[in-house]
Amino acid sequence: MFKFITFFKHKKKKHKWDYTHNFKKDKEGSFIIPVKVAKIDDLFSPYEINGYQIINSEYYAILEEMISNLPIKTKFNFSIEVGDKNIDKATLDMQKQKFAHAFKHHYFNNSLKTENKKKKNLLLAFLFLFLSLIVFASMYVIWRFGEDVSEIGGVWEIILVLGWVFSWEAFDRLTFGHADLIIRQIRNYHVYYSKISFTKSSKNSNLVKINNDDVLKSIKTFNKLYGEETNKNNTMETSKASSPTLNKKNNDN
């Protein structure tokens, strides 16, 4: 029990691998979400619809992950840094317009889909509510004016269960389901009205190198929270075996 509580206390702390608390803010108080790409073409999908280019689905997946941990009322803008040094300003501006158009179009369609889901959700919620009222009203009529309920005990239990199922489904859609759709709509609204800026990187984009000591420290912390023992030697041997630099040294020897 204490380990479980310690785990959630640890989650509340800002870990250095949690990138959300490193976002800077602009003068208006909006978060600036930085995105780095090696080439600007990596942002676009090879497919087009009606002559309009589509943004790569991987970018949307990364974007949703980045903003999912931010508070719902948070406003944010996007700063895209292109690592291609050979791209000129005119091409960068043209690609920026294409990207902004595809980006806004995507989240405008998302807003329409979410709005349709909200209407459908409310319709089904009131339908289930209406069915539950019919079931409970029928039960009351049978109990008040019908025969002895004990004679139809099995049927009575089935009708009762149906009434409660319809009632819970209506309650779930009117509360949790509708609230989730409202949150999605607010996210779509903030993303749609966000500002997008493009800049050229001063140096080529490189992958982030992860230090083995940081990996071992993170594994040790994780295992400590769950009460497991960490075999440091085996972990180090695995890290060395997966390191191309160390393998090259061993081969040279």
Side-chain angles (χ1 to χ4, degrees), residues 11-114 180-212 214-215 218:
K11 283 185 69 177
K12 292 182 179 180
K13 296 181 180 180
K14 294 180 178 179
H15 197 272
K16 62 180 178 180
W17 287 1
D18 181 15
Y19 44 74
T20 56
H21 70 274
N22 291 325
F23 291 157
K24 297 180 180 179
K25 291 185 178 181
D26 57 12
K27 296 180 180 179
E28 299 177 355
S30 301
F31 281 94
I32 301 175
I33 300 179
V35 180
K36 285 187 177 183
V37 292
K39 295 182 179 180
I40 198 168
D41 293 336
D42 296 339
L43 292 173
F44 295 99
S45 170
Y47 304 103
E48 293 184 359
I49 296 180
N50 199 20
Y52 293 102
Q53 208 160 6
I54 304 174
I55 297 178
N56 195 335
S57 59
E58 292 182 0
Y59 175 78
Y60 289 124
I62 295 172
L63 172 62
E64 294 294 335
E65 181 183 353
M66 294 176 73
I67 66 177
S68 61
N69 292 329
L70 296 176
I72 185 61
K73 295 183 179 180
T74 303
K75 296 181 179 180
F76 37 79
N77 299 319
F78 301 96
S79 176
I80 301 176
E81 185 177 346
V82 182
D84 188 4
K85 294 182 178 180
N86 298 325
I87 189 171
D88 55 0
K89 188 177 182 303
T91 305
L92 186 64
D93 292 339
M94 182 183 67
Q95 295 289 354
K96 175 185 175 181
Q97 294 179 0
K98 290 173 61 178
F99 178 84
H101 182 274
F103 187 82
K104 303 290 185 182
H105 185 265
H106 175 82
Y107 279 95
F108 179 76
N109 284 339
N110 272 7
S111 297
L112 292 179
K113 291 178 183 177
T114 306
D180 182 60
L181 292 173
I182 290 176
I183 292 174
R184 291 186 194 178
Q185 194 71 308
I186 295 175
R187 291 283 190 198
N188 291 332
Y189 176 83
H190 286 324
V191 176
Y192 181 83
Y193 286 101
S194 62
K195 298 177 182 178
I196 304 172
S197 62
F198 276 74
T199 56
K200 289 179 62 176
S201 178
S202 58
K203 55 183 179 180
N204 291 329
S205 300
N206 294 321
L207 295 176
V208 178
K209 297 181 179 179
I210 301 177
N211 191 352
N212 284 336
D214 293 337
V215 176
S218 179

Peer 1: Supply the atom-to-atom distance Ser57 OG to Ile62 CD1, rounded to the nearest 0.5 angstrom.
Peer 2: 9.5 Å
Peer 1: Quick one, Leu70 and Arg187 - any side-chain contact, counting heavy atoms below 4.5 Å?
Peer 2: yes
Peer 1: Say you draw a straight line from CG of Asn188 to OG1 of Thr114; how long is it, rounded to the nearest 0.5 Å?
Peer 2: 4.5 Å
Peer 1: Hey, what do you get for CG (Asn56) to CZ (Phe99), rounding to the nearest 0.5 Å?
Peer 2: 10.0 Å
Peer 1: Can you tell me how far CG of Leu112 sits from CD of Gln185, rounded to the nearest 0.5 angstrom?
Peer 2: 8.5 Å
Peer 1: Please give me the minimum heavy-atom distance between Asn77 and Ser30, naming the atom from each residue.
Peer 2: ND2-CB, 3.8 Å
Peer 1: Out of curiosity, Lys104 NZ to Tyr193 OH, how far, rounded to the nearest 0.5 Å?
Peer 2: 8.5 Å
Peer 1: Search all heavy atoms of Glu81 against all heavy atoms of Lys200 and return the closest pair with its distance.
Peer 2: CG-C, 4.5 Å
Peer 1: Find the distance between CG (Leu63) and OH (Tyr59) and round it off to the nearest 0.5 Å.
Peer 2: 5.5 Å
Peer 1: Between Glu48 and Gln53, which heavy-atom pair has the shortest distance, and what is it?
Peer 2: CG-CA, 4.0 Å
Peer 1: If you apply the rule side-chain contact (heavy atoms from CB on, under 4.5 Å), what do you find for Val37 with Ile80, and how did you get there?
Peer 2: CA-CA 7 Å; Val37 292; Ile80 301 176; 4.3 Å; yes
Peer 1: Would you name the heavy atoms of Phe103 and Ser194 that are closest together and state the gap between them?
Peer 2: CE2-OG, 4.0 Å
Peer 1: Starting from the C-alpha separation in whole Å, work towards a yes-or-no answer on side-chain contact (heavy atoms from CB on, under 4.5 Å) for Asp41 and Gln95.
Peer 2: CA-CA 9 Å; Asp41 293 336; Gln95 295 289 354; 4.3 Å; yes
Peer 1: Side-chain contact test, heavy atoms from C-beta onward, threshold under 4.5 Å: evaluate it for Ile49 versus Ile54 and give yes or no.
Peer 2: yes
Peer 1: Using the rule given for side-chain contact (heavy atoms from CB on, under 4.5 Å), can you reason through His106 versus Tyr60, listing the C-alpha separation, both sets of side-chain angles and the distance that settles it, and then say yes or no?
Peer 2: CA-CA 10 Å; His106 175 82; Tyr60 289 124; 3.0 Å; yes
Peer 1: Indicate the atoms forming the closest heavy-atom contact of Ala38 with Val82, along with that distance.
Peer 2: O-CG1, 4.4 Å
Peer 1: Between Arg184 and Leu181, is a side-chain contact (heavy atoms from CB on, under 4.5 Å) present by the stated rule, with each step listed?
Peer 2: CA-CA 5 Å; Arg184 291 186 194 178; Leu181 292 173; 4.1 Å; yes
